[in-house]
Number of protein chains: 2
Amino acid sequence: MRSPEALAQRFREANLKVTPQRMAVFEVLGTGPGHPAAEQIHRSVVEKLPNVSLRTVYQVLRELSELGELVMLDLGTGAVRYDHNLTQHHHLVCDECGAVVDIPAHLTEVQYAGVADLGVSVSTAELVMRGTCSPCHAAGSTTAESTKPSSQPTMQQLGDPHA
Amino acid sequence: MRSPEALAQRFREANLKVTPQRMAVFEVLGTGPGHPAAEQIHRSVVEKLPNVSLRTVYQVLRELSELGELVMLDLGTGAVRYDHNLTQHHHLVCDECGAVVDIPAHLTEVQYAGVADLGVSVSTAELVMRGTCSPCHAAGSTTAESTKPSSQPTMQQLGDPHA
DNA sequence: AACTAATCAACAATCATTGTTGATAACGGC
DNA sequence: GCCGTTATCAACAATGATTGTTGATTAGTT
């Protein structure tokens with residue numbers, strides 16, 4: 001993630017104006033947790049700058065992704081997650097709380113050279129793991145409850161489960 | 001994918017009745033392409049058994065997935081894809097036509113033992129590749145057009161692009 | 001044959017996301 | 001500091017996939 005100032009610069013270069021709303025989004029992205037959905041970002045933005053519409057947040061996020069400063073992740077969690085980690089990494093989706101955890105690429109080994117034989121060409125490859133995140137895993141191992149209660153956490157209640 | 005008869009048997013064992021509608025879905029799944037969305041399955045089902053509602057197809061697919069005979073795949077293509085390939089494999093999503101291609105696991109190498117250090121636990125790991133499928137790749141290499149026209153094919157028009 | 005489950009049609013609702021519109025605000029080049 | 005061009009706003013509608021509902025009808029299974 002680049003600094004808000006760097007992003008502002010990029011926007012100016014792209015002939016996009018640097019408005020307070022956009023700056024607010026830039027700042028929120030830098031501080032917040034790793035993979036927020038648009039709703040969450042909006043909630044944070046409104047805290048510092050009220051009256052910013054959700055509509056505008058969607059807009060800014062889209063612009064950021066078009067500039068390559070952000071990656072839109074659809075991991076089947078119901079809403080798109082915005083990933084500002086620009087380094088090589090993979091993801092783990094927590095089955096219990098829906099959190100998305102970054103998995104540094106160096107902890108994994110992924111090769112798919114043989115795939116070319118199928119006649120396809122691969123531009124990106126991402127490893128999507130499912131399991132339990134660290135906090136949920138810790139909680140589960142001690143309390144040993146939840147056999148399978150969590151179906152799919154909705155975006156509403158998805159405000160940082162571990163806080 | 002098990003045979004329609006085998007699936008019927010499983011349904012009976014689960015105290016689920018084997019209706020013509022369900023059988024029709026079973027049969028369609030065996031014959032059709034690899035990763036249909038519910039709408040596509042419905043279209044095929046209606047061909048052999050009219051008056052089957054989309055509602056019912058969703059229902060049957062859900063039951064199949066609850067029995068573990070089917071995997072619901074959300075690859076960010078807009079709709080859930082139903083995967084009846086029960087062997088170890090990964091997926092490639094074609095950026096151009098939206099097709100989902102099976103990639104046999106033996107063509108790849110995926111390891112993530114080091115991930116345990118993060119305190120998380122992994123139950124499944126799937127490699128999601130993006131690129132171009134074989135037909136699109138062949139077409140693209142000769143005609144060399146499409147710089148980036150296809151934004152996101154919608155389900156409606158997504159009836160087997162290569163037929 | 002009877003009990004129960006499944007299906008139907010027809011509709012409404014959900015949820016994330018994008019489009020629209022007309023009015024207001026404000027960035028940035030001069 | 002002015003002005004033209006963009007951005008943003010509120011408020012609303014629409015999309016598209018999916019699930020819920022309801023009351024009536026059909027049809028497996030024992």
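Letters A, B, ... are given to chains in the order of the sequence lines, protein chains preceding strands, and every chain is numbered from 1.
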Worksheet item: Taking CG from A:L49 and C1' from D:dA7, how many angstroms apart are they, rounded to a whole number?
Response: 13 Å

Worksheet item: Does the distance from a Lys or Arg side-chain N to an Asp or Glu carboxylate O, for A:E63 and A:R22, drop under 4.0 Å?
Response: yes

Discussion item. Regarding B:N85 and B:H35, do their side chains bring together a donor and an acceptor under 3.5 Å, going by distance alone?
Written reply: no

Response to the item:
Among C:dT17, D:dT19, C:dG28, the one nearest any side-chain atom of B:R62 is D:dT19

Discussion item. Please report the distance, rounded to the nearest Å, between CD in B:E66 and P in D:dT19.
Written reply: 10 Å

Practice prompt. With A:H90 as reference, evaluate A:L127, A:D102, A:L107, A:V128 under the side chain to side chain contact (heavy atoms under 4.5 Å, CB included) test and give the passing residue.
Written response: A:L127

Fill in: For atom CG of B:L61 and atom P of D:dA17, their distance in whole Å
15 Å

Worksheet item: Can you check the A:R12 CZ to D:dA7 P distance for me, whole Å?
Response: 13 Å

Fill in: Atom pair distance, as rounded to whole Å: CZ in A:R43 and P in C:dA16
10 Å

Worksheet item: What's the CG-P distance between B:D74 and D:dG16, to the nearest Å?
Response: 17 Å

Practice prompt. Tell me, please, which residues at least two apart from A:Y112 pass ring pair (Phe, Tyr, Trp, His ring centres under 6.0 Å).
Written response: none

Worksheet item: Roughly, in whole Å, what's the span from NE2 in B:H42 to P in D:dG16?
Response: 17 Å

Worksheet item: Are any of A:Y58's side-chain N or O atoms less than 4.0 Å away from OP1 or OP2 of C:dT18?
Response: no

Fill in: Working for side chain to side chain contact (heavy atoms under 4.5 Å, CB included), residues B:V60 and B:V57
CA-CA 5 Å; B:V60 178; B:V57 171; 5.9 Å; no

Worksheet item: Taking protein heavy atoms under 4.0 Å as touching, what does nucleotides 2-13 of chain C look like 5' to 3' if B marks base contact, S marks sugar-phosphate-only contact and - marks none?
Response: --BSSSSS----

Discussion item. Between A:E126 and A:H91, do the side chains contain a donor N or O and an acceptor N or O under 3.5 Å apart?
Written reply: yes

Fill in: Whole-Å gap separating C1' (C:dA16) and CD (A:Q40)
13 Å

